[in-house]
K.L.:
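Here it is, the structure, as structure tokens.
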Number of protein chains: 2
Amino acid sequence: MVTDDTPARVSPTLDADVSFLLARASAITAAAGNRALAAVGLKVRSYSVLALAAEVGPSQRELAERLRLDPSQIVALVDALESGGYVERRQDPADRRARTVTATPAGVELFARARAAVDDAQRESFAAISDAESDVVRAFLQRIAYSDLS
Amino acid sequence: MVTDDTPARVSPTLDADVSFLLARASAITAAAGNRALAAVGLKVRSYSVLALAAEVGPSQRELAERLRLDPSQIVALVDALESGGYVERRQDPADRRARTVTATPAGVELFARARAAVDDAQRESFAAISDAESDVVRAFLQRIAYSDLS
DNA sequence: GTCAACAATTGACATTCTCAACGATTACTG
DNA sequence: CAGTAATCGTTGAGAATGTCAATTGTTGAC
């Protein structure tokens with residue numbers, strides 16, 4: 001017989017609410033990510049921008065779409081990375097309105113170190129989860145994260 | 001043979017980053033929750049406060065701890081619910097500093113409707129997930145969400 | 001060639017987070 | 001028991017974030 005003897009941690013309803021748990025888990029891992037990235041002078045936001053600059057090299061418009069951010073937020077994020085010498089804006093030869101954001105060699109190197117720091121922190125956070133569980137969780141999260149319900 | 005033919009949706013690194021996916025999935029489900037709750041005049045934040053008022057009846061301090069919010073944020077959230085007649089502040093007889101937040105009958109009724117709206121929306125969002133997957137995901141999220149790594 | 005659409009940017013505004021301070025009350029310590 | 005430290009709710013300030021409109025330069029369609 002299975003009964004729920006677990007004392008309420010938040011409230012019975014919220015403890016079982018996947019959306020609530022997502023919000024909370026996200027806040028906790030984001031805080032851990034920011035702590036890990038502070039050593040290399042980044043936050044999760046700038047880290048995500050740097051990742052795209054290093055791995056994709058998109059226009060700022062595409063950056064905004066991929067990260068689901070307002071284009072106006074991209075400006076400040078790219079400004080900060082650019083002033084640090086980690087990315088550069090290049091005029092798209094095919095469309096002079098668009099400016100492409102690509103990582104400089106220093107940016108590529110910083111991204112490698114940042115990624116290592118993030119991986120270390122996550123290995124710690126997610127230590128108790130098996131590979132099989134991890135696959136299920138990742139697949140679930142991707143389905144939700146990339147669903148276009150909004 | 002398994003190869004990853006999937007085109008990058010964000011970037012190869014971020015597409016596999018559980019923390020990034022958590023943030024994104026959380027943002028999407030929170031937006032869906034707010035949309036569902038707008039019909040009853042709530043947001044996910046006030047909904048979570050109402051849930052605790054209805055199911056637990058904690059002090060504001062405890063409310064802040066359970067929801068991981070700053071005590072100063074609780075004030076405005078309770079103010080709004082109280083002015084709507086859905087919760088009331090009672091002086092804790094054992095500690096006159098503390099004020100207990102409990103749902104009124106109208107609050108209990110509102111919570112029932114709000115919960116139904118949230119459940120409907122989530123049934124839609126999470127339709128494609130099996131019970132077995134759901135259990136794994138919930139267990140994972142609870143482990144992360146309730147880990148006291150910070 | 002004109003006009004609508006789009007990219008990046010700026011600025012305004014609301015929301016949220018985080019922190020410090022305060023009055024009232026309680027708990028601790030000698 | 002007196003005095004001091006800690007706690008609870010509250011207020012207010014400042015940073016970070018989200019959202020949206022307006023502007024300039026450029027492109028594409030008719």
Side-chain angles (χ1 to χ4, degrees), chain A residues 20 23-24 26-35 37-38 41-49 52-53 57-83 87-102 150, chain B residues 20 23-24 26-35 37-38 41-49 52-53 57-83 87-102 150:
Chain A
F20 176 79
R24 194 169 175 123
S26 169
I28 288 178
T29 64
N34 280 328
R35 246 178 288 128
L37 285 167
L42 292 174
K43 296 185 181 182
V44 293
R45 266 299 161 73
S46 42
Y47 170 69
S48 69
V49 171
L52 269 97
S59 70
Q60 296 186 201
R61 181 64 172 184
E62 208 181 338
L63 212 35
E65 283 168 5
R66 293 200 186 216
L67 295 177
R68 282 182 169 257
L69 295 176
D70 192 272
S72 64
Q73 294 185 264
I74 301 295
V75 176
L77 287 163
V78 173
D79 279 352
L81 288 171
E82 192 177 37
S83 76
V87 304
E88 58 184 14
R89 288 186 237 236
R90 289 189 205 149
Q91 200 171 64
D92 183 338
D95 185 344
R96 282 187 306 176
R97 291 172 302 180
R99 314 182 71 181
T100 267
V101 180
T102 49
S150 166
Chain B
F20 175 79
R24 195 171 173 119
S26 169
I28 289 178
T29 64
N34 280 328
R35 244 177 291 128
L37 286 167
L42 292 174
K43 296 185 181 183
V44 293
R45 268 297 161 74
S46 42
Y47 171 69
S48 68
V49 171
L52 269 100
S59 70
Q60 295 187 204
R61 182 66 173 184
E62 209 181 336
L63 212 35
E65 283 167 5
R66 294 201 186 213
L67 295 177
R68 284 185 168 255
L69 295 176
D70 192 273
S72 63
Q73 294 184 265
I74 301 296
V75 176
L77 287 164
V78 173
D79 279 353
L81 288 171
E82 192 177 37
S83 76
V87 305
E88 57 185 14
R89 289 186 238 236
R90 290 188 204 151
Q91 199 170 63
D92 183 340
D95 184 345
R96 282 186 304 174
R97 291 171 302 180
R99 314 182 71 181
T100 267
V101 180
T102 48
S150 168

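Naming convention: chains lettered A, B, ... in sequence-line order (proteins, then strands); numbering from 1 in each chain.
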K.L.:
Tell me, please, which residues at least two apart from D95(B) pass salt bridge (Lys or Arg N to Asp or Glu O under 4.0 Å).
P.N.:
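With neighbours one apart ignored, the set is R97(B).
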K.L.:
In B/S/- notation, 5' to 3', how is nucleotides 19-30 of chain D contacted by protein heavy atoms closer than 4.0 Å?
P.N.:
BB----BBS---
K.L.:
Could you list where the contact with chain A starts and ends along DNA chain C, reading 5' to 3', using a 4.0 Å heavy-atom cut-off?
P.N.:
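First and last nucleotides in contact are dA5(C) to dG11(C).
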K.L.:
Starting from P on dT7(D), measure out to CD on Q60(B) and report it in whole angstrom.
P.N.:
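Rounding to the nearest Å, CD of Q60(B) and P of dT7(D) are 17 Å apart.
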K.L.:
In degrees, rounded to 10°, what is the bend between the two ends of the helix from dG1(C)-dC30(D) to dG30(C)-dC1(D), using five pairs at each?
P.N.:
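Between the first-five-pair axis and the last-five-pair axis there is 20°.
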K.L.:
Starting at atom CG of L69(B), determine the distance to atom P of dG9(D), rounded to an integer number of angstrom.
P.N.:
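My rounded result for the distance is 14 Å.
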K.L.:
Decide yes or no for L67(B) and Q73(B): does some side-chain heavy atom of the first lie under 4.5 Å from some side-chain heavy atom of the second?
P.N.:
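They are not in side-chain contact.
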K.L.:
With sequence neighbours excluded, what pairs up with S26(A) under the side chain to side chain contact (heavy atoms under 4.5 Å, CB included) test?
P.N.:
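Only L22(B), A23(B), S26(B) meet the side chain to side chain contact (heavy atoms under 4.5 Å, CB included) criterion with S26(A).
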K.L.:
The criterion is side chain to side chain contact (heavy atoms under 4.5 Å, CB included); which residues satisfy it with A64(A), sequence neighbours excluded?
P.N.:
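If we apply the side chain to side chain contact (heavy atoms under 4.5 Å, CB included) test to A64(A), skipping adjacent residues, the hits are P71(A), I74(A).
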K.L.:
In chain order, what residues pass the salt bridge (Lys or Arg N to Asp or Glu O under 4.0 Å) check against R96(A), with sequence neighbours excluded?
P.N.:
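In terms of salt bridge (Lys or Arg N to Asp or Glu O under 4.0 Å), with neighbours along the sequence ignored, R96(A) is linked to no residue.
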K.L.:
Could you tell me which residues satisfy ring pair (Phe, Tyr, Trp, His ring centres under 6.0 Å) with F20(B), sequence neighbours excluded, listed by chain and number?
P.N.:
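Not a single residue meets the ring pair (Phe, Tyr, Trp, His ring centres under 6.0 Å) criterion with F20(B).
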K.L.:
What residues form a salt bridge (Lys or Arg N to Asp or Glu O under 4.0 Å) with R45(A), not counting sequence neighbours?
P.N.:
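Per chain and number, R45(A) pairs via salt bridge (Lys or Arg N to Asp or Glu O under 4.0 Å) with no residue.
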K.L.:
Mind checking side chain to side chain donor-acceptor pair (under 3.5 Å) for E88(A) and listing every partner two or more places apart, or none if nothing turns up?
P.N.:
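Partners of E88(A) under the side chain to side chain donor-acceptor pair (under 3.5 Å) test: R90(A).
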K.L.:
Closest nucleotide of DNA chain C for R45(B) versus for I74(A): which of these residues is on the 5' side?
P.N.:
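The residue whose closest nucleotide sits nearer the 5' end is I74(A).
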K.L.:
Holding to side chain to side chain donor-acceptor pair (under 3.5 Å), I want the full list of residues that pass it with D70(A), two or more places apart in sequence or in another chain.
P.N.:
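Applying side chain to side chain donor-acceptor pair (under 3.5 Å) to D70(A) gives S72(A).
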K.L.:
Considering residues at least two apart in sequence or located in another chain, which fulfil the salt bridge (Lys or Arg N to Asp or Glu O under 4.0 Å) criterion with D79(A)?
P.N.:
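If we apply the salt bridge (Lys or Arg N to Asp or Glu O under 4.0 Å) test to D79(A), skipping adjacent residues, the hits are R89(A).
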